[in-house]
Participant: 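Input: one structure, supplied below.
We name chains A, B, ... by the order of the sequence lines, and we start the count at 1 in each one.
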Amino acid sequence: MSNVRVRFAPSPTGALHIGGVRTALYNYLLARQLGGTFILRIEDTDQNRYVPGAEDYIKEALAWCGLTIDEGTEQGGDYGPYRQSDRKAIYLEHAQKLIDNGTAYYAFDTPEELDARRETEKEAGNHNFRYDAASRSSMRNSESLSSKEVAQLLAANTPYTIRLKVPTDEIVKVTDLVRGDVQFQSKELDDKILLKTDGMPTYHLANIVDDHLMKITHVIRGEEWLPSTAHHVLLYRAFGWEDTMPAFAHLPLILKPTGKGKLSKRDGVKLGIPVFPLAWKGATEEESFTGFREFGFDPRAMVNFMALLGWNPGTEQELFSLEELIKAFSIEKIGKAGARFDFDKAKWFNQQYIMQSSDEDLITIIKPMLAEKGITKDDAFLTTFVQLMKERVVVYGDFWDSGYYFFTDVTAYDEKNIRKKWKPENQALFEDLRQQLKALNSPDEAAVETTVKSFMEANGLGFGAVLPILRIGVTGTMKGPSIFAVMALLGTEEVDRRLEAAYAAFNAIKNG
RNA sequence: GCUGCCGUAGGCGAAUUGGUUAAGCCACCGCUCUUUCACAGCGGAGAUUGCGGGUUCGAACCCCGUCGGCAGUACCA
């Protein structure tokens, strides 16, 4: 095992968004490719936003995608605990070190005071008030107050935060694996809060301390973190850890299908498409979302789709198994521009996977769907069924939606085509055909075809006059597999029953 | 506003890193197959590489400017 160690560090504030899944995937791919370690760390330092069930959801989602975790809250490991709320003491201790070495300071300003200050600045025309080198002397902190005053405040248990003391004028360089060198002027950076009043760290502190302690070598995360990376570099420096600082790779955003803005959960409900791997049951209808799994996706298809969203192999290969992705993946091939979430493309991948799936695998998936409707069928029947249908479905639900007639009576006829094709004067002929078909005992597809064809020949009827009648009569629709195959599978009794009912219905349609 | 990132057909995106006619896939159109739909195969349309300058024999690629999109700008992550 190499010393490469990467982490996926979600915050349990709800369902894991598809962008998060992709971040996890890229981390996982890098770890596996280099024989490294994939770590799951739960970043639950904001108690106000904690959502019960979110942590389990994250784990289930990763498992569904096939991303196995090496170290984490369940698996354990030598660098635990892996839940940040369990590491509270560590952060306090480290924040203290920064106070001691002068790179951080106590701040006693309350949120209300901060808000008030922002408000007055705004009225004065300054819309970008920052707690920074320029303003900190006018705030209440251990930089502006005398050490005696600070000691008194601390002794009186005055609530405080610990802030990073950002250097006044310095250029902070960040080397990003996907974007190259990025520079920030330290005077544009604010004095980020490191430790909150409640004793919990902010993301910035926790992330640096944990990544260092957990010996993380590569930080792969979303682009929204790029601006604060300068702070992170400053923190590594403040701790004296600069020489072991991990490499950074900031992933491009996943954009809305419309192209404007980053994909949000609202887009999913608005467009009726999943933007989460698994469904999420929120407190209300509005906070509940469907998932790729519930939408009828194969996890391999979703993973394949996501892998290509912001990364490309540089070849023309499009279909990748997880194993192939592990081999082909490279950070250098990650794109810089935001990738639009193209759900049509996602469906195409799923269709490819279904077509590639074995009959057995498909049957395993279909059986429970049928059972839910109280239908059981033997494997021989189901095998033929999936063979007939697998190349014309996109999501698993389509097996039922466009193949329900294999299991139950036709619910609606294609009336438009019936009006065009049904000739009541030919009914006697079709009754005759019905009898002929019925006489066939457990026929195969070829036998049905022969019977129908000789019937057509005998009566001078073409395919166009006969097949649509049979097709709509048995399945209700013009779409579907070979009608001879469908009839053979359904059996003579069933076909006879359906045709009898259909002819009556056709006359009604014609007359209505 | 400020800071940063990004900009190749409708979408995803390639281009041996400055070297002929700017790949491929999805979507779209047509043909073949099938008297259905889908799959598959073939073909088509669609790009003055956001725009304007510059450097160069030569620019999608380098430089400057400009416009646009996005992100960040919390005691959230």
Participant: A side-chain contact here means heavy atoms from C-beta on lying under 4.5 Å apart; do A:K262 and A:I254 qualify?
Facilitator: no
Participant: Are A:D359 and A:T383 close enough, and set up right, to give a side chain to side chain donor-acceptor pair (under 3.5 Å), and what steps lead you there?
Facilitator: CA-CA 6 Å; A:D359 299 339; A:T383 299; 5.6 Å; no
Participant: The side chain of A:E224 lies closest to which of these nucleotides: B:C5, B:A77, B:C39?
Facilitator: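 Minimum distance to the A:E224 side chain belongs to B:A77.
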Participant: Measure from the side chain of A:T161, starting at C-beta and using heavy atoms only, and say which of B:C75, B:G72, B:A77 lies closest.
Facilitator: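 Ranking B:C75, B:G72, B:A77 by closest atom to the A:T161 side chain puts B:C75 first.
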Participant: Calculate the interatomic distance between A:H250 atom NE2 and B:C5 atom P; express it in whole Å.
Facilitator: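 The distance from NE2 of A:H250 to P of B:C5 comes to 12 Å, rounded to the nearest Å.
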Participant: Determine the contact category for A:R179: base if any of its heavy atoms lies under 4.0 Å from a base atom, sugar-phosphate if only primed atoms, P, OP1 or OP2 are that close, otherwise nothing.
Facilitator: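 Counting heavy atoms under 4.0 Å across all strands, the contact made by A:R179 is with sugar-phosphate only.
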Participant: Tabulated below should be each protein N or O lying under 3.5 Å from an N or O of nucleotides 24-31 of chain B; please produce it.
Facilitator:
from  : atom 1 : to     : atom 2 : distance (Å)
B:G24 : O4'    : A:E316 : OE2    : 3.4
B:C25 : O4'    : A:E318 : OE2    : 2.6
B:C25 : O2'    : A:E318 : OE2    : 2.6
B:C25 : O2     : A:K345 : NZ     : 3.0
B:C26 : OP1    : A:W348 : NE1    : 3.4

Participant: For B:A14, does either OP1 or OP2 sit under 4.0 Å from a side-chain N or O belonging to A:N312?
Facilitator: yes
Participant: Reckon A:R340 has a side-chain N or O less than 4.0 Å from the OP1 or OP2 of B:G69?
Facilitator: no
Participant: Using distance alone, with no hydrogens and no angle criterion, decide if A:R7 and A:N207 have a side-chain donor and acceptor under 3.5 Å apart.
Facilitator: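 There is such a pair (donor and acceptor under 3.5 Å, judged by atom type) between the side chains of A:R7 and A:N207.
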Participant: Do A:R392 and B:C39 have a side chain to base donor-acceptor pair shorter than 3.5 Å?
Facilitator: no
Participant: For the side chain of A:K333, counting heavy atoms from C-beta on, which of B:U3, B:A77, B:A14 is nearest?
Facilitator: B:A14
Participant: Specify the separation, in whole Å, of atom CE of A:M200 and atom C1' of B:A74.
Facilitator: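 Whole-Å distance recorded here is 18 Å.
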Participant: One thing to verify: whether A:R118 and A:D115 come together as a salt bridge, which I'm taking to mean a side-chain N less than 4.0 angstrom from a carboxylate O.
Facilitator: yes
Participant: Do A:R163 and A:Y106 form a cation-pi contact, if we require the NZ or CZ to be under 6.0 Å from the six-membered ring centre and within 45 degrees of the ring's axis?
Facilitator: no
Participant: Are OP1 or OP2 of B:A77 and a side-chain N or O of A:T45 less than 4.0 angstrom apart?
Facilitator: yes
Participant: Assess, by modelled atom type and distance only, whether the side chains of A:N350 and A:Y396 contain a donor and an acceptor separated by less than 3.5 Å.
Facilitator: no
Participant: Which nucleotide, if any, forms a Watson-Crick or G-U wobble pair with B:G30, using both distances under 3.5 Å?
Facilitator: B:C42
Participant: What's the OH-C1' distance between A:Y50 and B:C76, to the nearest Å?
Facilitator: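 Result: 16 Å.
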Participant: Any strand counts, and the cut-off is 3.5 Å on both contacts for Watson-Crick or G-U wobble. Which nucleotide pairs with B:U73?
Facilitator: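 B:U73 is paired, partner B:G1.
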